[in-house]
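Atom set for the values below is all heavy atoms of this structure, side chains included, hydrogens, waters and symmetry mates excluded. Note that this is a predicted model, so its numbers are computed, not measured. Note on naming: letters A, B, ... go to the chains in the order of the sequence lines (proteins, then strands), and numbering restarts at 1 for each one.
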Amino acid sequence: MAGFNKVVTNYADAMNGLEDGMTVISGGFGLCGIPEGLIAQIKEMGVKDLTFVSNNCGVDDFGLGVLLENKQIKKMISSYVGENALFEKQFLSGELEVELTPQGTLAEKMRAGGAGIPAFYTATGYGTPVAEGKETREFNGRHYVLEEAITADFAIIRAWKADKMGNLIYRDTAMNFNPMAATAGKITVAEVEEIVEVGELEPTHIHTPGIYVNRVIKGNFEKRIEKLTLSR
Amino acid sequence: MAGFNKVVTNYADAMNGLEDGMTVISGGFGLCGIPEGLIAQIKEMGVKDLTFVSNNCGVDDFGLGVLLENKQIKKMISSYVGENALFEKQFLSGELEVELTPQGTLAEKMRAGGAGIPAFYTATGYGTPVAEGKETREFNGRHYVLEEAITADFAIIRAWKADKMGNLIYRDTAMNFNPMAATAGKITVAEVEEIVEVGELEPTHIHTPGIYVNRVIKGNFEKRIEKLTLSR
Amino acid sequence: MALTREQIAMRVAQELQDGFYVNLGIGIPTLAANYVSTDIEVMLQSENGLLGMGPYPTEDQVDPDMINAGKETVTAVKGASIFSSAESFAMIRGGHVDLTVLGAFEVDQNGNIASYMIPGKLVKGMGGAMDLVAGAPNIIVTMTHADKHGNSKLLESCTLPLTGVNCIKKVITDLAVLDIRDGAFHLLETAPGISVEEVQAKTKGKLIVSDSVREMQFN
Amino acid sequence: MALTREQIAMRVAQELQDGFYVNLGIGIPTLAANYVSTDIEVMLQSENGLLGMGPYPTEDQVDPDMINAGKETVTAVKGASIFSSAESFAMIRGGHVDLTVLGAFEVDQNGNIASYMIPGKLVKGMGGAMDLVAGAPNIIVTMTHADKHGNSKLLESCTLPLTGVNCIKKVITDLAVLDIRDGAFHLLETAPGISVEEVQAKTKGKLIVSDSVREMQFN
């Protein structure tokens, strides 16, 4: 298994190579399905001026919020950033640059980045501030906006199960942006709940084939709940 | 279950609405994963001047080949059509129109059609006959071709298991083009090996969510093998 | 009397038809799920990647890996499927979701909607709203007819930055149900006790009152 | 002596490195899988939707639902994954496959390749070849150095319709191994018993012979 054993046993190895000024795509939606330990490691490393591509930016003291707190993020490309007072402060003071991108366009930009598609047309955002400065075009009588792909130096993701070859399976809605993020990193690091033997994952159940994954590390997750809602 | 029970019990109902001149996307790769009974039903119906979008066109007496034999196909959009003497004859005589499309571009055109993306750029085919008459464009120093999405009046696909709501799971490499085809039909008909109760399919194992599927029918498949190769 | 939030949600629920795949936005739209007729079945789509969203969980069922687009803990119904956000928005953008219901700050007589940004206030982001309004074949906006200062939210032309253009087909407010077509609001129903004149007074955009305006019916 | 098909495949196999994800085209490239060193592990990608293609099945293992891109019955190795053709080509187009080996009719000194169409003959289609040559970061063509009439297939400029432009980095023929860069073929190795002069005579495109040309090594 020399060639395909992607398991690393410490976080320093998992994020080795991450440098100031790099772009990082992160999986997760809100606090669900985020690579908690990899984010903690980035804080530990103290690298600065990072651009993060992630649907959200965590909350003040959890998720990507801890990197905001530590002033490591220069720019966020996100669809919704509204749960975070620190974010607001840094944005209003001009410390933090923000590029708001519709959620579906963001997901598709990551997929396109991983799939070798440099740009695609979508009706999303036509006639809105999102389309400003972008090419628009008509197909069959409807208007569309040209959106370009996103790739990154690193992609950090969370999965449920991995085998040593980096084949991944996600758990429930913790899947969210992780599969696309996995395809779009030059180096993709998966933090997982469980590492199983090669052959234990059913080939047609694998959500992310190992070809997209460079490193796998077993994590321990707090899995904080953002909005606990209970049935009455 | 009134609202989401998509099961039909005879092939006439399964293909009801198919008319002369319509476009049909078919799943399958070679003879693997093709909706055998739905193809037989189209032959039975005798509808003519069909445009078929399918990676291949079957062999002389199986798969879409039977519709060629019956002169029901006006045009094929395919990536590879080389297993079929009848095809050759009809093509050379001008009876049959053919639009050759690279396999990956064909798969992506179907996905784009289902995903509301009217067009995308790909490096595939740049500088080749495939790019003739198409817009080309440079992104980050590489050349790309603009390719438009494909949708169809009907999509006919084969799956392994379906529940009554049309959630589908494919078996091994019989998956191939079926998942994208499923998304790109105005009416999508799935011919399956087994129909299970709602709730039996694990939500994260479902390859095609039922939202894409209009009708489900249980079929019996010959599953002819195109090239039997055995280990020595 | 203007409708309460719950009453608006009840009226919205009447728009849901048997066999519909529906995306319900945060707020009043989500409430509508509580009032769906037991005679019909609908499947709720949550754009983070869940088709077949169920009720909130009991304490035993709570799972941090099972949330909806509002980041609330939820359950999945039988027949649910779970997929990536790219697949989820392929579904939305591709027009496969039968009906989307969402809130707005403003809607205008051309079906434009403004719902995500008030200049001068912090921009929190559009989330999935721009994709939803660009993708669904059928979109209903639900909101109060006027803001708390009494200013109409049904305008000739939206004043705030747009979420989408020419996409809203119907508006359900605390005062009325209106279709949007041919560059005008068409009054279909009034809330119990609300006069056509009051709706006219509180609608700034072009309003067409048909002969067949009726009072909303609640069971 | 010019190499046999099996010998070409053996030489191709030497290009495979430990940990490589590889797509092997129909014909000689597929044969190379038989000669991969037991010291290394590679994963074979089959573009219909299989990563981790194994050997042909025994009679007991034959399954019509398990085929490769050549439509041959195959098996899957441990650690294999199976996915749609769209996902498969996302992988290919996105440059995730480390190495692609495929056959060709012609290759030229600018790395252009013609492999799918001979005008006047029936066009059978490009299948996945155009995607593969446009996608893989590293592409090797394997073919005979000349056609059966002795005409060179390594040209200044391809004469047949192209499969892809500026994409071929290396050619392994029955006579030689050559890199393509800076608008020329660079001779690296000759087959046992084949002289540099013979390669020169049979290469129509610009050929640069370095001082370090060596004879191919086989174990």
Side-chain angles (χ1 to χ4, degrees), chain A residues 27 29-33 55-56 78-84 87-88 91-92 98 100-108 110-112 122-130 142-145 160 170-180 207 221-232, chain C residues 46-50 53-76 80 82-93 95 112-114 116-117 119 122-135 161-167:
Chain A
F29 176 81
L31 302 182
C32 179
N55 191 62
N56 313 93
S78 300
S79 89
Y80 189 79
V81 290
E83 327 286 0
N84 204 310
F87 186 98
E88 187 166 345
F91 175 64
L92 293 175
V98 179
L100 288 177
T101 303
Q103 194 171 334
T105 298
L106 185 63
E108 191 66 15
M110 290 184 195
R111 181 194 177 269
T122 174
T124 301
Y126 177 79
T128 79
V130 163
R142 264 196 95 182
H143 297 282
Y144 296 87
V145 184
W160 182 29
Y170 304 97
R171 189 163 174 278
D172 292 344
T173 62
M175 188 185 306
N176 58 58
F177 280 77
N178 285 299
M180 295 79 75
H207 295 122
F221 300 93
E222 176 184 335
K223 292 196 183 181
R224 193 184 293 188
I225 289 174
E226 200 160 342
K227 293 184 192 164
L228 179 66
T229 42
L230 295 172
S231 67
R232 282 160 289 186
Chain C
S46 186
E47 63 265 29
N48 50 323
L50 168 61
M53 179 166 60
Y56 294 141
T58 61
E59 246 169 285
D60 289 352
Q61 291 173 322
V62 168
D63 183 340
D65 291 339
M66 184 61 92
I67 67 169
N68 66 14
K71 287 148 198 162
E72 302 170 326
T73 47
V74 292
T75 57
I82 294 173
F83 33 80
S84 74
S85 299
E87 178 60 41
S88 183
F89 281 94
M91 222 170 253
I92 290 166
R93 201 189 303 104
N112 298 325
I113 171 175
Y116 84 104
M117 180 186 182
L122 183 71
V123 183
K124 297 194 168 182
M126 66 294 284
M130 281 193 183
D131 303 280
L132 282 160
V133 299
L162 297 180
T163 309
V165 296
N166 308 322
C167 53

Residue, of Asn68(C), Thr73(C), Leu162(C), that accumulates the most heavy atom pairs under 4.5 Å with chain A:
Thr73(C)
Min side-chain heavy-atom separation Tyr116(C)-Pro129(A) under 4.5 Å:
yes
Under a 4.0 Å threshold between the charged nitrogen and the carboxylate oxygen, would Lys223(A) count as salt-bridged to Asp63(C)?
no
Is it the case that the side chains of Asn176(A) and Ser85(C) hold a donor-acceptor pair, with the cut-off being a distance below 3.5 Å and no angle test?
no
How many angstroms lie between OH in Tyr56(C) and OG1 in Thr229(A), if you round to the nearest 0.5 Å?
5.0 Å
Ile225(A) and Pro64(C) have their tightest heavy-atom pair at CG1-CB, 3.7 Å
Is it the backbone or the side chain of Leu106(A) that comes under 4.5 Å from a heavy atom of chain C, or both, or neither?
neither
Go through the atoms of Pro57(C) and report whether side chain, backbone, both or neither lie under 4.5 Å from a heavy atom of chain A.
both
Ser231(A) and Thr58(C) side chains, donor-acceptor separation under 3.5 Å
no
Checked Ala174(A), Ala107(A), Pro102(A) vs chain C; the most non-hydrogen pairs under 4.5 Å come from Pro102(A)
Would you compute the distance between atom CZ of Arg171(A) and atom CE of Met66(C) and round it to the nearest 0.5 angstrom?
8.0 Å
Which one wins on heavy-atom pair count under 4.5 Å against chain C: Thr101(A), Leu228(A), Asp172(A)?
Asp172(A)
Quick one: what part of Asn56(A) sits under 4.5 Å from any heavy atom of chain C, side chain, backbone, both or neither?
side chain
Mind checking what makes side-chain contact (heavy atoms from CB on, under 4.5 Å) contact with Asn48(C), not counting sequence neighbours?
Phe29(A), Thr173(A), Ser46(C), Ile67(C), Ala69(C)
Quick one: OG1 on Thr105(A) to CZ on Arg93(C), what's the gap to the nearest 0.5 Å?
6.0 Å
Against chain C, work out which of Arg224(A), Met180(A), Arg111(A) has the most heavy-atom pairs shorter than 4.5 Å and name it.
Met180(A)
Which heavy-atom pair separates Phe83(C) from Met175(A) by the least distance, and what is that distance?
C-SD, 3.4 Å
Write down the atom of Gly164(C), the atom of Thr128(A), and the distance for their closest heavy-atom approach.
N-CG2, 3.8 Å
Of all of His207(A), Met110(A), Glu108(A), His143(A), which one pairs up most often with chain C through heavy atoms under 4.5 Å apart?
Glu108(A)
Portion of Phe91(A) that has a non-hydrogen atom of chain C nearer than 4.5 angstrom:
side chain
